[in-house]
Novice: 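One structure, pasted below without further comment.
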Amino acid sequence: SDLTSMLVHDLNSPLTTIKGYRQYLQIQTKKSVLNKAEFMDSNQRILEAVYDMESLIRGILDSHKMEEGAMSFNITRVPCVKLVREVFERFVVQKNKNRIFEFEVRGDEDCVVLADRDLLYRVIQNLLMNAYKFTQPENLIKVLISSHENEVEIGVEDTGQGISPHFKEKLFTKFFQ
């Protein structure tokens, strides 16, 4: 089915990264040529892959909960700029590989939204991940927060190819990528 093939593909990618860097560490350790910087870089890449897999699994579980009508939300007052900056900074540390990142706030730095903090975190993380996947090295990924009166807009801009008109109509189709 479409769901099965999507799950296999998406879960296999971080596992391949984990296995590859683990094998690299094992080989380099046996040769006694592994320096501290290489070790730290390899461990960071393994950790990134683990975070990616955890995010995929949470998404799968949440999809199931939504289909079953069992999804609960923890709506609280979320400091918007603080949350987006947290996601952005963590993402940049993990993925800062030949991309240019910018963060801009227009309006109130202390703006607050009513939302489920964890879900909003994941939405922003997913937007950044998509921008990263489709932005060529040495190009810009920009996060912009605009607030005015009772409205807050969070945007992620990139220089990727965009979504073709053919795929836009399928954008919110279940399990479509």
Side-chain angles (χ1 to χ4, degrees), residues 6 9-18 20-21 24 37-60 62-63 77-173 175-177:
M6 182 193 76
H9 176 269
D10 287 353
L11 290 172
N12 196 40
S13 182
L15 281 174
T16 301
T17 301
I18 292 166
Y21 278 99
Y24 170 78
E38 290 173 320
F39 179 80
M40 296 303 291
D41 182 63
S42 295
N43 274 322
Q44 181 61 36
R45 290 175 189 266
I46 290 169
L47 185 60
E48 289 169 18
V50 169
Y51 287 146
D52 290 346
M53 185 167 280
E54 287 174 340
S55 180
L56 287 167
I57 291 168
R58 279 193 308 273
I60 293 165
D62 285 349
S63 291
R77 294 177 52 83
V78 178
C80 192
V81 174
K82 181 180 177 185
L83 175 68
V84 176
R85 185 172 277 130
E86 176 186 333
V87 178
F88 177 80
E89 289 174 356
R90 181 173 176 195
F91 188 85
V92 170
V93 166
Q94 290 178 1
K95 301 287 187 188
N96 193 8
K97 308 288 185 263
N98 300 321
R99 306 297 191 285
I100 302 164
F101 292 93
E102 285 185 13
F103 187 90
E104 182 180 338
V105 178
R106 294 181 189 158
D108 184 5
E109 285 267 346
D110 298 319
C111 60
V112 174
V113 295
L114 292 176
D116 183 305
R117 184 192 186 286
D118 294 338
L119 287 177
L120 184 56
Y121 186 103
R122 291 203 340 248
V123 167
I124 297 161
Q125 189 176 42
N126 287 339
L127 290 171
L128 278 169
M129 183 60 77
N130 285 337
Y132 182 82
K133 282 182 194 175
F134 297 106
T135 299
Q136 295 297 314
E138 307 304 327
N139 282 287
L140 177 67
I141 298 173
K142 180 177 182 178
V143 173
L144 174 65
I145 304 171
S146 299
S147 65
H148 180 71
E149 295 180 14
N150 292 329
E151 294 182 6
V152 176
E153 181 179 334
I154 302 168
V156 177
E157 299 174 3
D158 62 66
T159 55
Q161 65 197 24
I163 302 169
S164 73
H166 170 71
F167 289 118
K168 282 186 180 178
E169 64 191 40
K170 297 178 182 180
L171 192 58
F172 294 101
T173 302
F175 308 124
F176 177 78
Q177 280 192 328

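All values below were derived from every heavy atom in this structure, side-chain atoms included, with hydrogens, water molecules and symmetry-related copies excluded.
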Novice: With side-chain contact (heavy atoms from CB on, under 4.5 Å) as the criterion, how do Q44 and M40 come out once you've worked through the C-alpha distance, each side chain's angles and the decisive distance to 0.1 Å?
Specialist: CA-CA 6 Å; Q44 181 61 36; M40 296 303 291; over 6 Å; no
Novice: Nearest 0.5 angstrom please: E102 CD to E157 CD, how far?
Specialist: 9.0 Å
Novice: Parallel, tilted or perpendicular: which fits the ring planes of F103 and F88, with parallel below 30° and perpendicular above 60°?
Specialist: tilted
Novice: Could you tell me the separation between the CD1 atom of I145 and the CZ atom of R85, rounded to the nearest 0.5 Å?
Specialist: 7.0 Å
Novice: Ignoring hydrogens, what is the shortest heavy-atom contact between V78 and A115? Give both atom names and the distance.
Specialist: CG2-O, 3.6 Å
Novice: Over all heavy atoms of both residues, which pair between E138 and I100 is shortest? Give the atoms and the distance, please.
Specialist: O-CD1, 3.4 Å
Novice: At what distance, to the nearest 0.5 angstrom, does CG of L127 lie from CD1 of I141?
Specialist: 11.5 Å
Novice: Are R77 and L114 side-chain neighbours, meaning at least one heavy-atom pair lies under 4.5 Å?
Specialist: yes
Novice: Going from CD1 on I154 to CD1 on I124, what distance comes out if it is rounded to the nearest 0.5 angstrom?
Specialist: 4.0 Å
Novice: Measure from the side-chain N and O atoms of N43 to the backbone N and O of D41, and report whether any donor-acceptor pair falls under 3.5 Å.
Specialist: no
Novice: Can you confirm whether more than 12 heavy atoms, excluding those of E86, are under 6.0 Å from its CD atom?
Specialist: yes
Novice: So which atom in Q136 and which in R99 form the shortest heavy-atom distance, rounded to 0.1 Å?
Specialist: O-CD, 3.6 Å
Novice: Roughly how far, to the nearest 0.5 Å, is CZ of F101 from CG of L140?
Specialist: 9.5 Å
Novice: Assess the residue pair V113 and L120 against the criterion (side-chain contact (heavy atoms from CB on, under 4.5 Å)); give the C-alpha distance rounded to whole Å, side-chain angles, the decisive distance to 0.1 Å, and a yes or no.
Specialist: CA-CA 10 Å; V113 295; L120 184 56; 4.0 Å; yes
Novice: To check you understand the geometry: which heavy-atom pair defines the closest contact between F91 and L128, and what is its length?
Specialist: CZ-O, 3.6 Å
Novice: Within the side chain of S147, is there an N or O that forms a donor-acceptor pair under 3.5 Å with the backbone of G107?
Specialist: no
Novice: When rounded to the nearest 0.5 angstrom, what distance separates OG1 in T135 from CD in Q161?
Specialist: 9.5 Å
